[in-house]
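Within every chain, numbering begins at 1; the chains are lettered A, B, ... in the order of the sequence lines, protein sequences first and strands thereafter.
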Protein chains: 2
Amino acid sequence: MQLEQPTGTVFVQTTLKVLGGKWKLLILWYLKDEPKRFSELKRSIPDITEKMLMQQLRELEKDEIIVRNVRSTVPLKVEYSFSDYGTTIIPVLTPLCDWGKEHLQRINS
Amino acid sequence: MQLEQPTGTVFVQTTLKVLGGKWKLLILWYLKDEPKRFSELKRSIPDITEKMLMQQLRELEKDEIIVRNVRSTVPLKVEYSFSDYGTTIIPVLTPLCDWGKEHLQRINS
DNA sequence: AATAACACTTACAAAAAAGTAAGTACTTTC
DNA sequence: GAAAGTACTTACTTTTTTGTAAGTGTTATT
């Protein structure tokens with residue numbers, strides 16, 4: 001009785017589960033250079049609703065890509081930033097971005 | 001009156017539009033080494049319905065990632081394979097796979 | 001004292017993606 | 001000549017994802 005090992009197909013789909021959907025890549029893109037607060041993210045991505053932003057942040061947090069940092073300062077601030085583990089996904093983002101750029105140029109011609 | 005240039009956020013989302021969804025990465029993974037016929041793909045991915053397989057193949061074709069080749073042999077055969085342009089997406093697939101593999105190990109521990 | 005900002009939460013609705021189940025037209029094998 | 005394979009197509013339903021719109025409790029500003 002031997003268990004099947006996961007294959008490449010499983011691996012690519014796993015990544016899509018973490019990065020997929022309409023907003024996650026967008027959020028990560030804005031977060032990758034510096035931590036951002038909830039309201040800053042909302043301003044960076046005006047089309048996202050607060051509900052969606054919240055939901056996607058929570059999921060990225062559960063997947064340990066980002067961390068939520070509450071600063072109990074006078075006006076309470078909540079900052080989201082890449083976790084150490086989360087930064088391992090940046091080498092995925094970069095080729096994704098590069099290809100998208102080429103593809104955009106291609107379809108606009 | 002100046003038009004805004006697309007940014008990195010637009011680029012990553014463009015790629016997701018082409019690769020996103022439940023099946024496309026899976027299909028491309030099976031296609032990347034050798035051309036496959038419709039029925040071969042269906043056998044490789046038993047869970048996909050014929051409708052979904054057809055739909056996703058058509059979309060990948062429209063995005064010019066794959067090509068559809070009808071061989072007018074005695075039993076008519078239709079082969080799907082990466083286009084030359086389509087192969088430019090393989091450097092995206094590879095990091096996607098690598099990260100997924102690491103992540104799977106991580107969440108299973 | 002009213003208004004606004006912050007970081008959310010909730011109930012509900014609409015839209016998009018995926019699945020079900022059947023059928024088509026043709027060919028080959030038993 | 002019945003059954004099975006190939007490459008699809010269609011109508012319809014279910015599920016998943018996303019959006020709408022309002023509200024909460026706290027603090028800061030005018």
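Distances shown here put every side-chain N or O of Arg43(B) at or beyond 4.0 Å from the OP1 or OP2 atom of dG5(D). Here Arg71(B) does not reach the OP1 or OP2 of dA7(D): none of its side-chain N or O atoms lies under 4.0 Å away.
Atom CE of Met52(B) is separated from atom C1' of dT20(C) by 11 Å (rounded to the nearest Å). Following rounding to the nearest Å, Glu50(A) (CD) and dA7(C) (C1') show an atom-to-atom distance of 8 Å. The nearest whole Å value for the distance from the CD atom in Glu40(A) to the P atom in dC8(C) is 13 Å. For the pair Asn69(B) CG and dC8(D) P, the interatomic distance rounds to 12 Å; values are reported in whole Å. Atom P of nucleotide dT14(D) and atom NZ of Lys22(B) are separated by 17 Å, given to the nearest angstrom. With rounding to whole Å, Leu16(A) atom CG is found 14 Å from dA17(C) atom P. Atoms NZ (Lys77(B)) and P (dT6(D)) sit 10 Å apart, rounded to a whole Å. Atom CD1 in Ile48(B) sits roughly 12 Å away from atom P in dT20(C) (whole-Å rounding).
At least one side-chain heavy atom of Leu28(B) sits under 4.5 Å from a side-chain heavy atom of Ile65(B).
The cationic group of Arg37(A) does not satisfy the cation-pi geometry with Tyr80(A), failing either the under 6.0 Å distance to the six-membered ring centre or the 45° limit from the ring axis.
The same ILVMFWY cluster, assembled from side-chain heavy atoms under 4.5 Å apart, contains both Leu19(A) and Leu16(B).
Between Phe82(B) and Val67(B), the shortest heavy-atom contact is O-CG2, 4.2 Å.
Counted within 6.0 Å of NZ on Lys101(A), heavy atoms from surrounding residues, nucleotides or ligands total 12 or fewer; the atom is thus considered open.
The Met54(B) side chain lies nearest to dT9(D) when the options are dA21(D), dT9(D), dG19(C). The side chain of Lys51(B) lies closest to dA21(C) when the candidates are dC8(C), dA21(C), dC8(D). Considering only the side chain of Arg37(B), dT6(D) comes nearest among dA18(C), dT20(C), dT6(D).
Ser39(B) comes within 4.0 angstrom of sugar-phosphate atoms only, judged by non-hydrogen atoms across all strands, and of no base.
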